[in-house]
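Chain identifiers are assigned alphabetically (A, B, ...) following the order of the sequence lines, protein sequences preceding nucleic acid strands; residue numbering begins at 1 within each chain. We use all heavy atoms of the structure for the numbers below, so side chains are in, but hydrogens, waters and symmetry mates are not.
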Amino acid sequence: DTAVSQTPKYLVTQMGNDKSIKCEQNLGHDTMYWYKQDSKKFLKIMFSYNNKELIINETVPNRFSPKSPDKAHLNLHINSLELGDSAVYFCASSQEVPRGSPYEQYFGPGTRLTVT
Amino acid sequence: GENVEQHPSTLSVQEGDSAVIKCTYSDSASNYFPWYKQELGKRPQLIIDIRSNVGEKKDQRIAVTLNKTAKHFSLHITETQPEDSAVYFCAASKANSGGYQKVTFGTGTKLQVIP
């Protein structure tokens, strides 16, 4: 069974549209993340949630809004898409127990977003 | 914030030779240093990690060393094989102001193993 899954795998859309990417993990982890990987392969954290609470919010445009309905799901909604949003978006999860203890992050398969 | 530099950006080695990738970090509070391998079109996956209370860790053909004083850590792959070809990311992790771990990734090294 897939541990961290994302949908869709590919997303092609036009500038100005609004789109969502969904992420689910079945590992029982309490922390989930969104990363952006650009064309140069740089992996940059965007957001992190712990038990549905936002704990990391990097300098990301307000057009990006994460939502965590429960600790197994973390969705990313993007408004007014721009050309520069084209990238691969990875969801990840980890178990941070006790709080502050670093553990391996498990990544989803990625969503390749292309904005035309 | 934390800054992680990684070198080289590309590395080509002959099959059977060793490969070394080096990273430096800026924040002495970082206490966890994972290495991820990303094959073409796939997700990053952890291959080895080291915590700040350990100087070296080995797992078969891969090893990681950490020098806390100099704030640098390295990945060593011995007896390289074509399936080692991938992009490798180092990372440094430390607790943020809320007490939660935040991971900062290096810029990646594209390793090519030539058969």
Cluster link A/Leu81 to A/Phe64, ILVMFWY, side chain under 4.5 Å: yes
Please test A/Phe107 against B/Tyr36 for ring pair (Phe, Tyr, Trp, His ring centres under 6.0 Å), starting from the C-alpha separation and ending with a verdict. CA-CA 10 Å; A/Phe107 284 81; B/Tyr36 286 83; 5.6 Å; yes
Can you tell me if A/Asn62 has over 12 outside heavy atoms packed within less than 6.0 Å of its CG? no
Please assess B/Tyr100 against A/Asn50 for the test side chain to side chain contact (heavy atoms under 4.5 Å, CB included), listing each intermediate value before the final yes or no. CA-CA 9 Å; B/Tyr100 293 99; A/Asn50 179 277; 3.5 Å; yes
Using 0.5 Å steps for rounding, measure from the CZ atom of A/Phe42 to the CZ atom of B/Phe89. 9.0 Å
Could you tell me which portion of A/Tyr106 (side chain, backbone, both or neither) has an atom closer than 4.5 angstrom to a non-hydrogen atom of chain B? neither
Using only non-hydrogen atoms and a strict under-4.5 angstrom cutoff, which residues of residues 38-46 of chain B touch chain A? B/Gln38, B/Lys42, B/Arg43, B/Pro44, B/Leu46
Flag yes if more than 12 heavy atoms outside B/Gln81 fall under 6.0 Å of its CD atom; otherwise flag no. yes
Within 6.0 angstrom of B/Glu83 CD, more than 12 heavy atoms from elsewhere: yes
Is B/Val87 reachable from B/Phe73 through a run of I, L, V, M, F, W or Y residues, each pair having side-chain heavy atoms under 4.5 Å apart? no
Under 4.5 Å from any heavy atom of chain A - which part of B/Ser93: side chain
List the atom of A/Ile45, the atom of B/Val103, and the distance in Å for their closest heavy-atom pair. CG2-O, 4.5 Å
Tightest non-hydrogen contact, residues A/Tyr103 and B/Arg51, listed as CD2-NH2, 4.0 Å
Given the rule that I, L, V, M, F, W and Y join up when any side-chain heavy atoms are under 4.5 Å apart, are B/Ile114 and B/Ile77 in one cluster? no
Per-residue contact mode, A/Gln105 against chain B (heavy atom under 4.5 angstrom): both
Atom pair NZ/OG1 of A/Lys44 and B/Thr104 - distance to nearest 0.5 Å: 9.0 Å
Within a reach of under 6.0 Å around NZ of B/Lys22, are more than 12 heavy atoms found that belong to other residues, nucleotides or ligands? no
Among residues 61-68 of chain B, which ones touch chain A with a heavy-atom distance under 4.5 Å? none
So which heavy atom on B/Asn96 is nearest to which on A/Ile55, and how close? ND2-O, 3.3 Å
Specify the closest pair of heavy atoms between A/Leu43 and B/Phe105, including all atoms of both residues, with the distance to one decimal. O-CB, 3.8 Å
Please answer: with hydrophobic residues joined when any side-chain heavy atoms are less than 4.5 Å apart, are B/Val4 and B/Tyr32 in the same cluster? no
In the single-linkage hydrophobic clustering (I, L, V, M, F, W, Y; side-chain heavy atoms under 4.5 Å), do A/Ile78 and A/Phe47 co-cluster? yes
Residue from A/Gly108, A/Ser94, A/Ala92 scoring the most non-hydrogen pairs under 4.5 Å with chain B is A/Gly108
Is it the backbone or the side chain of A/Gln6 that comes under 4.5 Å from a heavy atom of chain B, or both, or neither? neither
